[in-house]
Amino acid sequence: VRNLKLEHEQEKNKILSEALETLATEHHELEQSLVKGSPPLSIISEEQFYDAVSDSESEKSLSGFETTAYSLEDSMDSKDTVTSGMSEEKVCGSGELLSNGIKKHRTSLPSPMFSRNDFSIWSILRKCIGMELSKITMPVIFNEPLSFLQRLTEYMEHTYLIHKASSLSSTTERMQCVAAFAVSAVASQWERTGKPFNPLLGETYELIRDDLGFRLLSEQVSHHPPISAFYAEGLNNDFVFHGSIYPKLKFWGKSVEAEPKGTMTLELLEHNEAYTWTNPTCCVHNIIVGKLWIEQYGNVEITNHKTGEKCVLSFKPCGLFGKELHKVEGYIQDKSKKKLCALYGKWTECLYSVDPATFEAYKKNDKKNAEEKKSSKQVGNTEEPDEMPLPDSESVYVIPGSILLWKITPRPPNSAQMYNFTSFAMALNELDKEMESVIPKTDCRLRPDIRAMENGEIDLASEEKKRLEEKQRTARKNRSKSEEDWKTRWFHQGPNPYTGTQDWLYSGNYWDRNYFNLPDIY
């Protein structure tokens, strides 16, 4: 009887939660339509998930906490479990060299992340009924201590795939490596549910990795819409990788969908080849209630503009029973659309290549088995799953005759306490005295709010975040009064040389280290 009562209570809670979500969405749409005289929106615009940048006098800041206060003292228990190895690791940010002369990078953050258990995004969103979400500052507790400029630098974690592509003589094999690089570029997003800080207009980031053979520069070139431009090059002049990202966000009630608009361009200089593609859509589920989980979906078409070869990859949506969760598959085809090889794997794990005929035979057999399995089971609920579905198998079945193209690097043991960062991400915000004397004052390593959060000073991070946003707002008002246009420093708008679409192109001279008349954004 008690179990029956418990089930009834759980069912009532679920219905109530869904009703609240629906009511909040409908109320917001109705308010919008009454105030603006426009029809209710089925989704909210991408700006409504970004940090507050409104000029409205009635702007309401929610960067403080209105739920149970969670202080540094409260988090000491969780810190004790990970601080033992931290005192030594802090030294790693000071540019210590390994025996081969390559700089040693830190393997930990100065402080572990705060627990988000005492906070819910719903507690913020329910206060937004009838308000524009663009006027709401999300509490810093939902961030991770990186700027979006640093987050997009994580595309470069598997740069060895580009170097490998440059060394191969076969165009198909080069395309395989480029496809593996495109898939690996989104792998670091797995379980990364913290929101990176929005870059301020004019903010920059640079990264030089001698061990990985590249250097990269990025700049926030636009604030509305938010656009981040980047330019990376091989230290041996074997490649150039550049692009601009405009993360178009949509709020669907239970989930937030991020469509990373913008073209990625990779040039293999030794082969005089250029490849272009766009990234898949990323979706964060359960933003209101339940455990957050991430999936990537959509088609990614990689084009070799010299040979006409294409690689068309399908990032599979999760599906009803989670069978397709994280799966990626597709084909490389020549300019006459003849299939040259098949690719398959998971963006969270690995990517393989195999002969197309072998792959299709396997798919046919797999489909037959799935249909038999389906007919022997009663089909139930057809709604989108709330909890992250578990796939039939955590690892990829390797089809006989397959070649491994890429395998994910395991995350460090302390990753769960460090915002689920990879080893590569752990080093992105490290700063030593030598570096500080070289980088421009717009580099996001110098942002006080991100630095405070990284050091575990959550209240200071919140205060600094509000101060920087207000400073940016004031600067924009002053430019508006003087009718002065913002001028980007390291990038300019122009057509992409291979697709012809509008893009942000590197203007040059950054690495001359001649930084003058830089804006005071911090």
Side-chain angles (χ1 to χ4, degrees), residues 151-152 154-159 161-162 164-165 171-190 192 228 230 232 239 241-250 257-268 273-284 294-319 324-335 337 339-354 356 359 363 396 405-408 496 498-501 503:
R151 184 78 174 257
L152 69 81
E154 293 183 59
Y155 288 158
M156 304 303 295
E157 181 172 354
H158 304 278
T159 305
L161 290 164
I162 302 179
K164 186 179 176 184
T171 58
T172 305
E173 288 179 356
R174 287 200 293 275
M175 178 64 92
Q176 287 176 347
C177 285
V178 173
F181 175 73
V183 173
S184 75
V186 299
S188 69
Q189 294 182 27
W190 178 48
R192 292 276 292 282
S228 309
F230 70 92
F239 77 87
F241 178 49
H242 56 95
S244 54
I245 300 287
Y246 164 21
K248 195 175 176 70
L249 292 172
K250 296 174 184 176
E257 187 180 76
E259 184 186 350
K261 289 183 169 292
T263 303
M264 308 288 103
T265 303
L266 174 64
E267 300 175 38
L268 298 182
E273 283 180 340
Y275 300 81
T276 60
W277 68 92
T278 55
N279 286 319
T281 295
C282 177
C283 189
V284 182
I294 292 174
E295 65 172 331
Q296 307 264 359
Y297 47 75
N299 290 331
V300 172
E301 185 175 285
I302 306 169
T303 303
N304 181 331
H305 290 270
K306 184 179 180 181
T307 66
E309 288 177 336
K310 286 187 179 181
C311 175
V312 182
L313 292 172
S314 173
F315 284 70
K316 303 285 187 181
C318 154
E324 304 289 286
L325 187 64
H326 305 324
K327 279 191 178 180
V328 182
E329 59 184 49
Y331 296 93
I332 294 174
Q333 53 196 34
D334 63 19
K335 58 184 176 183
K337 297 195 175 180
K339 291 175 182 174
L340 303 175
C341 78
L343 304 179
Y344 68 96
K346 289 185 178 180
W347 61 267
T348 53
E349 288 183 42
C350 56
L351 192 71
Y352 288 89
S353 71
V354 73
F359 182 69
K363 289 284 288 179
V396 173
L405 300 175
W406 161 76
K407 190 174 184 180
I408 197 167
N496 183 290
Y498 306 102
T499 64
T501 55
D503 207 346

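Residue numbers count from 1 along this sequence.
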Not counting sequence neighbours, which residues clear salt bridge (Lys or Arg N to Asp or Glu O under 4.0 Å) with [X]? List them please.
X: Lys261; value: Glu259
X: Glu329; value: Lys316, Lys363
X: Lys407; value: none

Please walk me through it: do Asn496 and Thr501 pass side-chain hydrogen bond (donor to acceptor under 3.5 Å, both in side chains)?
-> CA-CA 5 Å; Asn496 183 290; Thr501 55; 5.3 Å; no
Using the salt bridge (charged side-chain N to carboxylate O under 4.0 Å, His left out) rule, collect all pairs that involve residues 294-304, keeping only residues at least two apart or in two chains.
-> Glu301-Lys310
Contacts of type side chain to side chain contact (heavy atoms under 4.5 Å, CB included), residue [X], not counting sequence neighbours:
X: Ala342; answer: Tyr331, Val354, Phe359
X: Leu340; answer: Thr172, Glu309, Ile332, Asp334
X: Ala232; answer: Met156, Leu216, Phe241

Close side-chain approach of Tyr155 to Asn279, heavy-atom, < 4.5 Å | yes
For Leu343 and Leu405, work out which heavy atoms get closest and say how close.
-> CD2-CD1, 3.6 Å
The residue among Trp347, Tyr344, Phe315, Tyr297 that forms ring pair (Phe, Tyr, Trp, His ring centres under 6.0 Å) with His326 is Trp347
[X]: side chain to side chain donor-acceptor pair (under 3.5 Å) partners, not counting sequence neighbours:
X: Tyr275; answer: Glu273, Asn304
X: Thr303; answer: none
X: Thr276; answer: His305
X: Gln189; answer: Gln296

Partners passing ring pair (Phe, Tyr, Trp, His ring centres under 6.0 Å) against His158 (at least two apart in sequence or in another chain) = Trp406
